[in-house]
Structure formats: C-alpha cells, structure tokens
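To start, the structure itself, in structure tokens.
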Amino acid sequence: FSSEVPTINMATSKQSESMTVEFTQVSGATSYILRAETADMSFFCETEVSSSPGTVLNLQAYTDYTLSVMSVNSGGRSQPSLPVVAKTVVAAPKLSSTSPSNDTIVVGWEPVDHVLLYTISIIMEGSDSRVKLNTTDTSVTFSGLEAGTTYCIKGNAWDPEKRQGDDFTVCQITLHSSVLHSGLFVSWAPSQGAGEYLAFSSEGLNCTSTTSACTLAPVGCGQRHTVTVTAINEGGPSIPSAPEEFITFPCPPEPLHVEETKAGNCSVLWDAIPYTDTYVAFIKRDDGQEERCNTSSTSCNYHCQCGYTYLMTVFAFSLSGSSPPGPVLNYTTLPCCPEDVFISLASPGTLEIMWSAVRGAEVYETRAVEGSEVILCNDTAPVCALSDLTCNMPYSVVVIPCNEIRGCNHTCRSHTKETAPCMPEILNVTQINTTSVNVSFSAPNRAGTTYKVSVVAEDNRNTCTSRGTSCEILDLPCGEVYEVSAIATTTVGDSFPSYSIPLETAPCCPATLNVEQVTQAMTNVTWSMARGTHTYMTSLTSPKGNARCHTLDTHCLMGCITCGTNYTVSMEAISRTGHMSDCHSSALLNYLSLPGACCPSGVKLYRMANNTLRVYWRSTGGLHNYTAKMVGSQSNYTCTPPPGGNTCEVPEIMCGDVYNVVVAPLTQDGAMVQFCPQRMYSVSCSGSNVGMGMFLSTFS
C-alpha cells in the first residue's frame with residue numbers, strides 16, 4: 001500500500017530560480033516528490049527529496065507555481081497533497097562598474113522586470129562599514145572613496161509585494177592618486193621668475209604648464225620614467241631639476257591558463273608582471289557565484305565543480321595602482337558523470353540504460369564493451385538502448401557525458417551488466433516408451449545456466465528442467481500432438497525460446513471392444529473411438545486360420561470364420577502420420593472370441609406315441625448346448641436336451657399344422673444364436689402315430 005498523503009505547511013522563495021517547501025513527514029515514507037507546475041502547464045517538474053524541507057530548482061523569476069507533495073514507499077506514490085500556490089522572487093540586477101577617477105565608482109545595470117525598488121550597497125575591502133542606497137534608477141555613483149582601493153558593491157531588487165530578491169556582487173578598484181591610466185601627473189614647487197615649466201620623461205614624453213603641475217601622456221603600463229622639470233622665462237631655461245623616478249601602473253597579467261590537477265581542483269596561472277607587488281584573481285561561475293584570490297605568487301587555486309563555465313581575470317597591483325583589466329579567460333570544466341545509472345534487460349539482446357541528466361552535458365555517449373566488441377549509442381536524451389548484443393556475456397557499460405567546448409569526460413565509472421542467455425536448440429527427441437520421451441538440446445551458455453524444456457499440446461503442458469544437455473518428460477498422454485521447445489534461464493533473465501519441433505505420442509487404444517457372431521462364417525467386431533487414432537487394424541487369429549480388417553470406422557465385419565473355433569482378437573491403432581500402438585497388451589483387447597458350436601445339420605422330426613414329436617439333428621461334437629424351437633400357426637414349442645444331446649421331444653403336438661423348426665446352439669449366457677437356418681415341416685394327422693414329419697423347405 002502507498003503511504004499517507006503529506007501536508008504542505010509553507011512554501012517560500014529566497015532565490016529567483018528556486019522554491020523551498022516545508023511539509024509534514026509521514027510514517028513509512030522512504031522519500032518525497034515535490035511537484036511544481038504553472039497554471040498554463042507550460043512548466044512541469046517533479047523533484048525527489050529525502051525529507052522536509054525540500055527545494056525545487058530551475059524555476060523562473062517572479063512566477064506563480066502550484067506546488068504539491070507526494071510520499072513514496074515500496075508500494076508506490078501517495079496521492080498529491082492539497083496544492084499551494086507560491087511565487088518566486090525577482091531576479092538580481094546584473095551590476096557593472098567603472099572607476100572614472102581615483103575617488104569615484106559608477107555602478108549601472110539593466111532594468112529588471114517587476115521591480116519596485118533597487119538596493120545598492122558598497123563596502124571597502126577590510127572594512128566593516130557599509131554604505132547603502134535605495135533607488136528606482138538603473139545607476140548610482142559612489143564618490144569620496146579612497147584611491148587605489150578595492151570596493152565590493154552588492155545589488156538586489158524588491159518586488160511589488162516588498163519581498164527582497166536575489167543579490168549580485170561586483171568588485172571595483174579605484175584609480176591611484178598619482179597616476180591615471182591615461183597619463184603621469186607631475187607636480188613641483190614653483191620657481192621664482194619662471195614664466196613656464198617643461199616636464200620631461202626619459203620615455204620621451206613632455207608637457208608644459210604655467211602652473212605647478214602637468215600630465216605626461218600617454219603612459220603605458222609597467223614603464224619606468226625618469227622625470228625632470230625645467231623652468232623657462234625670457235632669459236631661457238633653467239638647469240633641469242633633480243630627476244625623480246616613477247614606475248607606472250603594472251600591466252595586466254597574461255596570458256592566463258588553467259590547470260586542473262584532478263577533478264575539482266583548479267589553478268589559474270599567469271606570467272610574472274614587472275613592478276608588481278600583489279595580484280587579485282576574480283573567478284566567476286556561470287551561475288553567478290564569485291570567488292576572489294589575493295596572492296603575491298603567479299597562481300591561484302580554486303574549487304572547480306564539473307559542468308560549469310568559469311570566467312577569470314587577474315589584476316596586478318603596485319604602489320602606483322592597479323593594472324587595467326586584462327583578458328578574460330573562459331574555462332569550462334568537464335561535464336559531470338551520471339551517478340544513478342540504471343541498466344535493465346529490455347529484451348534478450350538489448351540493454352536499456354537510463355540516468356538523470358547531468359550538468360554540462362550536451363550529448364551522451366553510451367558505450368558497452370565485451371572483449372573486442374564495442375557497441376556505441378550517442379544521444380542527447382538521458383536514455384539509450386544498445387541492441388544486437390552477444391548473448392550470455394557480461395558487458396562493461398559506461399555513460400560518457402560530452403559537450404562541444406571540453407569534449408567528453410572519460411573518468412566516469414563503468415557498470416557491468418550481463419545479457420540474457422543464448423537460445424538453446426532442440427537436437428533430438430527420443431521415445432523412451434509410449435508415455436515418456438528424452439529431449440536433448442544444445443547448451444551454448446556458461447556453466448550454471450538452467451534449461452527448461454516444454455512439451456505443449458492444445459490442452460496440456462509438461463516440463464522438465466536440467467543444467468545439462470538433456471532431460472526426460474514422463475507421463476505424456478497418448479494420442480496427442482505436441483510442440484517441443486526449450487529456454488535457457490539465468491539470474492539475468494530468460495533466453496528466446498528455441499525453435500520448436502513437433503512430437504506425436506502413440507495413438508490411444510480403444511477403451512471398449514465387443515465381438516458378435518453374425519453368421520457361422522462372419523463376426524462383427526465393434527470398439528470405442530480412440531484419441532489420436534486415424535485407422536484401426538483388427539485381427540482374428542486361430543490355428544485354423546486368420547482374418548484381418550483395416551478400417552477408418554469403429555466396427556469391422558470379418559468373414560471366413562470357422563464355427564466352433566476359438567479366435568484371439570488383437571488390434572493396432574494407427575495415427576495419421578503412421579505412429580502405431582499395439583493394443584494386444586491392453587486388458588480390454590486381450591479378448592478370446594468364442595463363437596460357440598456350429599449350427600447342427602440333418603434336422604428331422606419323428607412322430608412318437610401320444611402325440612409326441614421327436615426332433616433329431618447331427619451335432620458338431622463336444623458338449624454343446626442346443627435348443628430346438630417349433631413355431632406353428634396355433635402353438636409354439638421349445639425343447640432343450642442335456643449338454644451333448646442331439647434329440648429332444650415335444651409332447652402333445654398338434655397334428656395337421658405346419659411348423660417352422662430351428663435348432664441352434666446356445667451362447668455362454670444361454671441365448672440362442674440367431675443365424676441358424678429354419679426348416680418348415682408339416683405334421684399330418686392321418687396314418688400311423690409313429691412316423692416322420694414331412695419336410696417342406698429350409699430358410700434362414
């Protein structure tokens with residue numbers, strides 16, 4: 001069951017791109033999912049967090065979001081909580097700064113949407129004193145600052161709900177009091193009687209003035225100037241003043257380059273600059289985070305996370321001031337490695353690899369390696385399917401993130417995943433007996449693979465398993481047509497089923513069989529239908545001769561039978577494909593046909609005394625039971641002699657009538673056989689009381 005539904009207590013935004021949600025935690029939950037969406041559904045995201053509070057990232061500034069939270073456990077997700085609508089704060093103004101003079105810094109920025117007011121504050125490096133200004137303009141000027149000093153300026157904005165938004169910080173160095181980047185300011189004590197002054201530099205610069213100062217321009221960085229001043233009047237120039245040496249502001253450090261000794265540890269390096277005391281390196285990440293490094297060496301170390309672009313510039317400082325802005329080095333770290341790589345078996349020959357998108361990656365190269373075999377997949381999506389892999393092999397799978405600037409990160413961890421086992425092949429099916437078979441198959445997989453053989457008919461299935469190359473399937477019903485196939489199984493999954501081959505078990509034998517003698521020379525054999533049998537071969541066997549019948553039906557009329565002879569009945573059931581079952585061993589079919597005695601011959605009637613009629617016949621030998629039956633127009637008579645007898649007498653016979661007389665043997669159950677011929681006799685009333693009835697005709 002999924003866990004309880006949590007409740008959101010509060011949703012706040014301190015950063016324009018994120019929202020922090022506080023909610024009640026519920027018992028049984030292993031994690032929680034924060035859902036954020038806009039009213040027009042142009043934005044939708046879900047973020048998994050372990051506990052409260054949780055933060056949703058990658059949002060837009062000053063935008064309303066509908067927030068809800070779901071709990072997660074082994075049973076799945078809960079229903080979303082009641083939604084809460086909250087708005088992100090406004091973005092920070094992107095400040096830019098300049099120092100037009102040695103005591104002034106001008107800060108400007110582009111207008112920010114939905115802003116009521118801007119707050120700009122400035123603080124001198126090493127000081128705790130901060131100056132703060134509120135303005136609705138997009139620039140401010142700070143004056144009265146110290147020359148050659150670093151100041152950091154922070155700006156943020158306020159939205160119409162009077163909520164403070166993001167902040168943005170820049171640092172700026174004011175110009176040195178003695179030197180401007182455009183020229184060298186020279187001053188001197190006035191000389192009596194001088195009408196004009198000429199200042200001259202060893203670098204070939206000069207300037208004139210009627211006052212006590214002038215500017216030698218233009219000057220370059222890192223120059224060593226020897227300066228003299230000559231007073232001039234109508235009498236000519238004076239002797240030059242004692243020379244003064246002055247070194248101009250240092251040149252900007254260059255070239256810049258970055259060394260990443262190992263992941264996460266970077267150093268920005270530059271060449272030593274003459275006449276420099278210290279360096280300040282500014283390192284700004286593309287998400288706005290900024291780091292500063294003061295050093296007297298020619299390198300600075302900083303923590304560089306994967307997937308970010310860093311902008312770096314270095315200033316050189318001396319007593320003459322700071323260098324002009326130098327080149328900006330753009331350095332992008334390698335894209336991050338996916339950590340939550342999930343590999344599953346999409347099909348026996350295909351691996352599906354999924355992971356969460358990582359920072360800095362523009363495309364992913366998924367690589368599966370097994371020996372010399374390499375399968376590649378390149379895609380911008382964090383999912384990939386690698387197909388046509390070799391079965392039953394462990395592949396080393398690695399997801400390599402790449403981008404255009406830095407290339408690919410080849411330090412990502414690999415994962416091992418085994419493909420499904422190879423498909424076996426049925427080699428042979430051997431009949432052990434009528435109900436059992438032995439199935440042999442190829443075993444193309446590594447040791448430890450289990451093989452399952454299935455014998456499947458329309459309405460039943462039989463299986464056996466083995467770790468070898470064969471197994472036996474027992475108790476298969478007769479008269480069935482099966483499909484035999486095999487699969488290989490490992491802990492990874494199942495192989496494709498093997499190609500199936502047909503198997504037909506022997507046809508069933510009839511469950512019942514009856515033998516009925518139709519005439520003295522013909523017998524009718526009937527039996528029940530048998531499953532899987534197409535034709536039946538029935539045989540009657542005796543020392544005096546044999547009879548055979550092959551039929552599609554469930555009965556057979558067999559002639560050339562010798563009466564009074566015992567026959568053994570046997571049967572073979574034959575399928576459509578020629579499979580044969582010998583049903584002689586069946587208890588129901590191991591049957592002795594007993595047709596009984598033959599019909600007697602020489603039937604005669606003799607009149608005896610007292611209206612008695614004697615019936616006489618010639619028997620076939622043996623102690624058979626016979627019955628004589630006389631049917632007249634006015635009366636019927638029956639007599640049965642003892643076993644082995646060939647005469648019987650019928651008393652009180654009526655003379656003058658015609659009788660149909662039949663003498664027939666009795667079956668084992670005492671019934672009179674129906675196929676013996678009838679004879680017609682006329683019994684006259686005239687003449688002697690002792691005599692023979694007159695034979696008229698014979699008919700069946």
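Position 1 is the first residue of the sequence; numbering continues from there.
Between the side chains of Asn301 and Ser267, a donor-acceptor pair is found at a separation under 3.5 Å. Using a 3.5 Å distance cut-off with no hydrogens or angles, the side chains of Ser78 and Ser71 do pair a donor with an acceptor. Side-chain polar atoms of Arg130 and Ser121 form a donor-acceptor pair below 3.5 angstrom. Thr30 and Asn73 are not linked by any side-chain donor-acceptor pair at a separation below 3.5 angstrom, with hydrogens and angles left out of the test. In the model, Ser52 has no side-chain atom that pairs as donor or acceptor with a side-chain atom of Glu22 under 3.5 Å. Side chains of Thr7 and Ser81: a donor-acceptor N/O pair is absent below 3.5 angstrom, by distance only. Using modelled atom types and a 3.5 Å distance limit, the side chains of Asp40 and Ser42 yield a donor-acceptor pair. Thr119 and Trp158 share a donor-acceptor pair across their side chains, judged by distance under 3.5 Å alone.
The main-chain N or O of Gly193 is found under 3.5 Å from a side-chain atom of Asn233 such that the two form a donor-acceptor pair. Listed for the Thr380 side chain is no donor-acceptor partner under 3.5 Å among the backbone atoms of Val363. Looking only at distances, no side-chain donor or acceptor of Ser139 sits under 3.5 Å from a matching main-chain atom of Gly108. At distances below 3.5 Å, at least one donor-acceptor pair connects side-chain atoms of Thr295 with backbone N or O atoms of Ser297. Checking side-chain atoms of Thr248 against main-chain N and O of Gln223 turns up a donor-acceptor pair under 3.5 Å. Side-chain atoms of Thr416 never come within 3.5 Å of backbone atoms of Ser396 as a donor-acceptor pair (strictly under, hydrogens ignored). Put simply, the side chain of Ser127 never gets that close to the backbone of Glu125: no donor and acceptor are under 3.5 Å apart. In terms of modelled atom types and a separation under 3.5 Å, the side chain of Asp166 and the main chain of Ser16 share a donor-acceptor contact.
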Exercise for the section: Evaluate ring pair (Phe, Tyr, Trp, His ring centres under 6.0 Å) for Trp270 paired with Tyr279, printing each intermediate quantity in order. Expected result: CA-CA 10 Å; Trp270 57 89; Tyr279 302 92; 5.3 Å; yes
Handout entry: Intermediate values then yes/no, side chain to side chain contact (heavy atoms under 4.5 Å, CB included), Tyr65 and Thr88
Key = CA-CA 8 Å; Tyr65 290 92; Thr88 49; 4.0 Å; yes
Exercise for the section: Go through the steps to decide whether Phe23 and Tyr32 satisfy the test ring pair (Phe, Tyr, Trp, His ring centres under 6.0 Å), and finish with yes or no. Expected result: CA-CA 10 Å; Phe23 53 88; Tyr32 300 87; 4.9 Å; yes
Handout entry: Candidate pair Thr208 and Tyr197, rule side chain to side chain contact (heavy atoms under 4.5 Å, CB included), full reasoning
Key = CA-CA 5 Å; Thr208 59; Tyr197 299 92; over 6 Å; no
Exercise for the section: Please step through side chain to side chain donor-acceptor pair (under 3.5 Å) for the pair Asp340 and Ser356, ending with a clear verdict. Expected result: CA-CA 7 Å; Asp340 56 346; Ser356 297; 2.5 Å; yes
Practice task
Start with the C-alpha distance between Asn330 and Thr309, add both sets of side-chain angles, then the distance that settles side chain to side chain contact (heavy atoms under 4.5 Å, CB included), and finish with yes or no.
Solution key: CA-CA 7 Å; Asn330 185 326; Thr309 296; 3.0 Å; yes
Practice task
Begin from the C-alpha positions of Tyr331 and His257 and carry the test side chain to side chain contact (heavy atoms under 4.5 Å, CB included) through to its verdict.
Solution key: CA-CA 9 Å; Tyr331 180 76; His257 69 279; over 6 Å; no
Practice task
Let me see the working for Glu110 and Lys94 under salt bridge (charged side-chain N to carboxylate O under 4.0 Å, His left out), right down to the final yes or no.
Solution key: CA-CA 7 Å; Glu110 293 294 326; Lys94 303 298 182 182; over 6 Å; no
Problem - Residue pair Lys417, Glu352: steps toward the salt bridge (charged side-chain N to carboxylate O under 4.0 Å, His left out) verdict - result: CA-CA 11 Å; Lys417 183 67 175 180; Glu352 183 180 32; over 6 Å; no
Handout entry: Check against side chain to side chain donor-acceptor pair (under 3.5 Å), Glu48 and Ser31
Key = CA-CA 7 Å; Glu48 186 171 4; Ser31 62; 2.9 Å; yes
Practice task
Quick one: do Glu365 and Arg367 satisfy salt bridge (charged side-chain N to carboxylate O under 4.0 Å, His left out)? Show the steps, please.
Solution key: CA-CA 6 Å; Glu365 179 184 287; Arg367 180 187 297 259; 2.7 Å; yes
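Residues Leu216 and Cys207 share a closest heavy-atom pair of CD2-N, 3.5 Å. In plain terms, the two heavy atoms of Val358 and Tyr364 that are nearest each other are N-OH, 3.0 Å. Contact between Ile105 and Ile153 at its shortest, heavy atoms only, is CG2-CD1, 4.2 Å. Residues Phe315 and Pro325 come closest through the heavy atom pair CE2-CA, 3.6 Å. Of all heavy-atom pairs between Glu290 and Thr169, the closest is OE1-O, 3.1 Å. Nearest heavy-atom pair across Ala36 and Val56 is CB-CG1, 4.0 Å.
One distance of note links OG1 of Thr211 with CD of Glu196; it measures 10.5 Å at 0.5 Å rounding. Taking OG1 from Thr366 and CD1 from Ile400, the interatomic distance works out to 8.5 Å, rounded to the nearest 0.5 Å. Atoms CZ and CD1, from Phe317 and Ile273 in turn, are 13.0 Å apart once rounded to the nearest 0.5 Å. Expressed to the nearest 0.5 Å, how far CD of Gln25 lies from OG of Ser50 amounts to 8.0 Å. Once rounded to the nearest 0.5 Å, the distance linking CG of Asn156 with CG of Asp167 reads 6.0 Å. In this structure, the separation between SG on Cys152 and CD on Gln172 is 10.0 Å, given to the nearest 0.5 Å.
If you check the gamma sulfurs of Cys337 and Cys306, they are not less than 2.5 Å from each other.
Side-chain atoms of Val115 and Asp159, non-hydrogen and from C-beta on, never get closer than 4.5 Å to each other. Side-chain contact between Leu34 and Leu67 is absent, with no heavy atoms from C-beta onward closer than 4.5 Å. No side-chain heavy atom of Lys132 sits less than 4.5 Å from a side-chain heavy atom of Ile120. A heavy-atom distance below 4.5 Å is found between the side chains of Arg35 and Pro80.
In this structure, the ring of Phe342 has its center no less than 6.0 angstrom from the ring center of Trp355. You'll find the ring centres of Tyr275 and Phe249 outside the 6.0 Å limit. Side-chain rings of Phe168 and Trp109 stay apart, their centers remaining 6.0 Å or farther from each other.
Counted within 6.0 Å of CD on Glu46, heavy atoms from surrounding residues, nucleotides or ligands total more than 12; the atom is thus considered enclosed. More than 12 heavy atoms of other residues, nucleotides or ligands lie within 6.0 Å of CD in Glu203, so this atom counts as buried by the packing criterion.
Both tests pass for Lys87 against the ring of Tyr62: distance under 6.0 Å to the centre and angle within 45° of the axis.
Tyr302 and Tyr310 have tilted rings, their planes meeting at an angle from 30° to 60° on a 0 to 90° scale.
Between Glu362 and Arg406 there is no salt bridge, since none of the side-chain N atoms of the basic residue sits less than 4.0 Å from a carboxylate O of the acidic one.
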